[in-house]
Every structure is written in structure tokens, then in C-alpha cells.
Amino acid sequence: MPESTAPKTEAAAPEETRVDIAQIKTMVNLPETASDVELITVLVNLIANLQEKYEGVLQDAVAMEDALTNRVIQDFGDVIDEAHAPFWKEQILQNRSAAIDALAALRERVKTEAVPAEPPRTIPLRNRLAAIERTVASVANPADASRAVQSAASAIRNRAHEIAKTQNIPFITAFARAEKEITKE
């Protein structure tokens, strides 16, 4: 006779895991005569203690993460402004090495694109200035030499005023032109 083609209705039930209550009681230091309520109370207290420890460890981890991200943000303060700090904190927490690499690349880019600062103006020492030509006449009669210098300065100033008014240009530009004109003569 052919075998039945009907599907099996009984599936193999998974074996239930048997919990040995006596073993659990010895693990939590209860006598074997302890009731189930006492066992449950001890287990609940144990779970509460573990939860409390977990919360403490979690707070410590969050504090350490904050300290780490704040230190990295401070290290890259020249690249990160306050408006973008929350974004970078999140990036550091998600993938610290990639975020630090990106910030280092930004720092290098900022360094290369930085506008070169004007070199500091150096004033030569007094004894390094070009020697002033002095003639015997100018040393003997200093008033005549200073009048000649004042006369040239006045001529330049007067010509600069004239150029500035007639050509309607700034005085400093007119002064440079007047100085060139007067010194050529």
C-alpha cells in the first residue's frame, strides 16, 4: 500500500531547556529550602544592581567620549569654528580616525591657501644709514643748507596741492608725482 502523502501536522518540538532551580539557588547563595519568591527577590535585586553598575559605566563612557571629542575639537580649533563644532563632534564619535584625517587635510589646505603676510618693516640702524654728504659750506653755515632742504620740500608740497586740485586726484598720488617732477629738475 502506498504511503500517506498527507503532510505531517506534528513538527518536532524543540526541547525545552530545563532550568535547575537548585543550581541557581546555590549560585546566588540561597539554601535549597528557599522559596521561589525568595529566589525571585534575590534575582530582581541582582538585576537592579547590575543595571545600576551599567548606568555608571555608561555615564563614564559618555564623559570620556565628551572629553575626547572636546580635546580633538580644541586641537583643531584653527580649522573648526563654533558653528560647526557639533557636526565635527558627531563625526569624531562615529569614525574618529576618518574625522581626524579630514580635519588634518583641512588644516593643510588652509595653510597652503593662507594669504602671505606682509613682511615686517625693518628700520635700519642709525649707523647703517647711507652716509650724509656734507660739504664744508653746509657744516660752516647750517642755516643755508636747511633753507635749501625746506625750499625743496615746500616746492614739492605746493606742486602736489596744485596737481591734486587740477587733476582731482588724492593728495598722496599728487605728492608722488610732484616729488618726481621737482627732483628731476
Exercise for the section: Begin from the C-alpha positions of Leu68 and Met64 and carry the test side chain to side chain contact (heavy atoms under 4.5 Å, CB included) through to its verdict. Expected result: CA-CA 6 Å; Leu68 174 72; Met64 289 174 62; over 6 Å; no
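- In this structure, Ala178 and Ile156 approach most closely via the heavy-atom pair CB-O, 3.5 Å.
- Contacts of Asn158 classified as side chain to side chain contact (heavy atoms under 4.5 Å, CB included), with partners at least two apart in sequence or in another chain: none.
- Looking at every heavy atom in both residues, Trp88 comes nearest to Leu106 through CZ2-CD1, 3.9 Å.
- By the neighbour-count criterion of 12 heavy atoms within 6.0 Å, atom CD of Glu55 is densely surrounded, having more than that number from other residues, nucleotides or ligands.
- Through chains of ILVMFWY side-chain contacts below 4.5 Å, Val44 is grouped with Ile40.
- Side-chain contact between Ile21 and Lys25 is present, with at least one heavy-atom pair separated by less than 4.5 Å.
- Within the 4.5 Å cutoff, no side-chain heavy atoms of Asp75 are placed close to those of Leu103.
- Taking the side chain as every heavy atom from C-beta outward, Tyr54 and Leu50 never approach each other to under 4.5 Å.
- Hydrophobic clustering (side-chain heavy atoms under 4.5 Å, transitive across Ile, Leu, Val, Met, Phe, Trp, Tyr) groups Ile73 together with Phe87.
- How far CD of Gln91 is from CD1 of Ile80: 10.5 Å, rounded to the nearest 0.5 Å.
- In this structure Glu90 satisfies the side-chain hydrogen bond (donor to acceptor under 3.5 Å, both in side chains) test together with Gln94, sequence neighbours excluded.
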If you look only at distance, which donor and acceptor atoms sit under 3.5 Å apart when one is on a side chain in residues 159-176 and the other is two or more places apart or in another chain?
| residue | atom | partner | partner atom | Å |
| --- | --- | --- | --- | --- |
| Arg159 | NE | Glu181 | OE1 | 2.6 |
| Arg159 | NH1 | Glu162 | OE2 | 3.0 |
| Arg159 | NH2 | Glu181 | OE1 | 3.3 |
| Arg159 | NH2 | Glu181 | OE2 | 3.4 |
| Thr166 | OG1 | Glu162 | O | 3.0 |
| Thr166 | OG1 | Ile163 | O | 3.3 |
| Gln167 | OE1 | Arg177 | NH1 | 2.5 |

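- Minimum heavy-atom separation, Val28 to Leu39: CG2-CD1, 4.0 Å.
- For the pair Lys89/Ile92, no side-chain contact is recorded, criterion being any heavy-atom separation below 4.5 Å from C-beta on.
- Through direct or relayed side-chain contacts under 4.5 Å between Ile, Leu, Val, Met, Phe, Trp and Tyr, Val37 connects to no other residue.
- With sequence neighbours excluded, no residue forms a side chain to side chain contact (heavy atoms under 4.5 Å, CB included) with Asn29.
- Put simply, Ile24 and Val42 are part of the same group of oily side chains (I, L, V, M, F, W, Y) that touch within less than 4.5 Å, one to the next.
- Hydrophobic clustering, with ILVMFWY side chains joined whenever heavy atoms are under 4.5 angstrom apart, keeps Met27 apart from Leu30.
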